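Structure first, commentary second.
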Amino acid sequence: MSTLISAPRQVRAPLQTAARALWKWAVQTARLCCGVPDYDVYVAHLKRAHPDRRIPSYEEFFRERQEARYKGTGGRCC
């Protein structure tokens, strides 16, 4: 039997939290390697640095990032 399954809740919860954080980091890294920045980070940047700009939907964001990557338009605002 796995020790994680038989471990007390006080041990499992931090391990599950760490596993989720590791997974989120791995997904973000994979997206950055493919040229797709993290949408949540982008939204936070817009709110902080450009509060007057409209926040695009994820689909709009993804499409714009793909166009910037493959058409060579850059895409950096700051």
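What you see is a predicted model, and the numbers here were worked out from it, not measured in a lab.
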(message) Are Val43 and Phe61 linked, directly or through intermediate hydrophobic residues, by side-chain heavy-atom contacts shorter than 4.5 Å (ILVMFWY only)?
(response) yes

(message) On a heavy-atom basis, which atom in Glu60 and which in Ser57 lie closest, and how many Å separate them?
(response) OE1-N, 2.7 Å

(message) For a quick test of reading the model, state the closest non-hydrogen atom pair linking Pro51 to Ala49 and the distance between them.
(response) CD-C, 3.5 Å

(request) Working to the nearest 0.5 Å, report the span between CD of Glu64 and CD of Gln66. (result) 10.0 Å

(message) Tell me whether Phe62 shares a hydrophobic cluster with Tyr39, the cluster being built from Ile, Leu, Val, Met, Phe, Trp, Tyr side chains joined at under 4.5 Å.
(response) yes

(request) Supply the members, apart from Val27, of the Ile/Leu/Val/Met/Phe/Trp/Tyr cluster built from side-chain contacts under 4.5 Å; use none for a lone residue. (result) Trp23

(request) Please write out which residues are connected to Leu22 in a hydrophobic cluster, directly or through intermediates, given that two of Ile, Leu, Val, Met, Phe, Trp, Tyr count as joined at side-chain heavy-atom separations below 4.5 angstrom. (result) Trp25

(request) Let me know which of Leu46, Asp40, Asp38 forms a side chain to side chain contact (heavy atoms under 4.5 Å, CB included) with Tyr42. (result) Leu46

(request) Not counting sequence neighbours, which residues clear side chain to side chain donor-acceptor pair (under 3.5 Å) with Arg20? List them please. (result) none

